[in-house]
Amino acid sequence: MPELKRLHVGHAPAVLAFELANRAYFAASISDRGDDFFDQFTDRYNASLAEQEAGICAFYVLVAEDGSVLGRFNLYDLEDGTARLGYRVAERVAGRGVATATVRELCRVATATHGLRTLRAATSHDNAASQKVLAKAGFVPDGPATPADLGGKSGTWYQRDLQP
């Protein structure tokens, strides 16, 4: 049974393997991270851990029983009870409800662990899978997302008010 875990230094090799294995799959629906992301992975990963330690962000990985990463689920810009949600799941588990179930779990964690009351997420108009995940997880459309919000694509912001 996959487990949602708070990102830590020991996850780095599995996270890198996840990003590399799914790079082309992700690039089909969201902006590619670019070669610099992979060339500077260790520095960026350590910077993410520092942001998490500072309480600015909270990063989670969905870890399979074999230790591989099935997905990344991140809370960005934690401030005043609100955060932005970002996520990506491995192609090998896409379409099986993994993203929806994990986003729902992260909503519970966001309230219980981080004291959040509202989550916001943006998805591009052409990312139907992400739109379905957000809708099934209780998010509602909350206005347009600009190309600046979505790495060059237009889309929609979604919001979910969390229950304590």
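Just so it is clear, the structure is predicted and the values come from calculations on it, not from any experiment.
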Could you check Y158 against Q131 for side-chain contact (heavy atoms from CB on, under 4.5 Å), going step by step and ending with a plain yes or no? CA-CA 9 Å; Y158 291 79; Q131 293 166 26; 3.5 Å; yes
Under 3.5 Å, which donor-acceptor pairs do the side chains of residues 37-44 form with other protein atoms, sequence neighbours left out?
none

Could you go through L75 and L106, starting from their C-alpha distance and side-chain angles, then the distance that decides it, and tell me whether this counts as side-chain contact (heavy atoms from CB on, under 4.5 Å)? CA-CA 9 Å; L75 299 172; L106 188 58; 4.0 Å; yes
Could you state whether [X] and [Y] fall into the same hydrophobic cluster, counting links through intermediate Ile, Leu, Val, Met, Phe, Trp or Tyr residues with side-chain heavy atoms under 4.5 angstrom apart?
| X | Y | value |
| --- | --- | --- |
| V98 | V109 | yes |
| Y25 | V61 | yes |
| F26 | V15 | yes |
| I56 | L7 | no |
| L134 | V140 | no |

Main-chain N/O of [Y] paired with [X] side-chain donor or acceptor, under 3.5 Å:
| X | Y | answer |
| --- | --- | --- |
| H8 | G10 | yes |
| R160 | A137 | yes |
| S68 | A64 | no |
| Q159 | L119 | no |

Check whether any side-chain heavy atom of [X] lies under 4.5 Å from a side-chain heavy atom of [Y], and answer yes or no.
| X | Y | value |
| --- | --- | --- |
| K5 | H11 | yes |
| T111 | L162 | yes |
| D149 | W157 | yes |
| E53 | L49 | no |
| V89 | L70 | no |

Run the numbers on V69 and L62 for side-chain contact (heavy atoms from CB on, under 4.5 Å), then give the verdict. CA-CA 6 Å; V69 171; L62 185 64; 6.0 Å; no
Please list, chain by chain and in numerical order, all residues satisfying side-chain hydrogen bond (donor to acceptor under 3.5 Å, both in side chains) with E19, sequence neighbours excluded. R33, R72, R88
Ignoring hydrogens and geometry beyond distance, is a side-chain donor-acceptor pair present between T102 and Y60 at under 3.5 Å? no
For the atom pair CD (E79) and CG (L116), what is the distance rounded to the nearest 0.5 Å? 11.5 Å
Any salt bridge between D35 and R23, counting N to O under 4.0 Å? yes
Determine, for D161 against R117, whether the closest basic-nitrogen to carboxylate-oxygen distance falls under 4.0 angstrom. no
Assert yes or no for the condition that the ring centre distance of F73 to F59 is strictly below 6.0 Å. no
With sequence neighbours excluded, what pairs up with F139 under the ring pair (Phe, Tyr, Trp, His ring centres under 6.0 Å) test? none
Could you check T82, D142, D77 and say which one makes a side-chain hydrogen bond (donor to acceptor under 3.5 Å, both in side chains) with R120? D142
Assess whether side-chain contact (heavy atoms from CB on, under 4.5 Å) is satisfied between R84 and C57, documenting all intermediate values. CA-CA 9 Å; R84 289 186 302 116; C57 300; over 6 Å; no
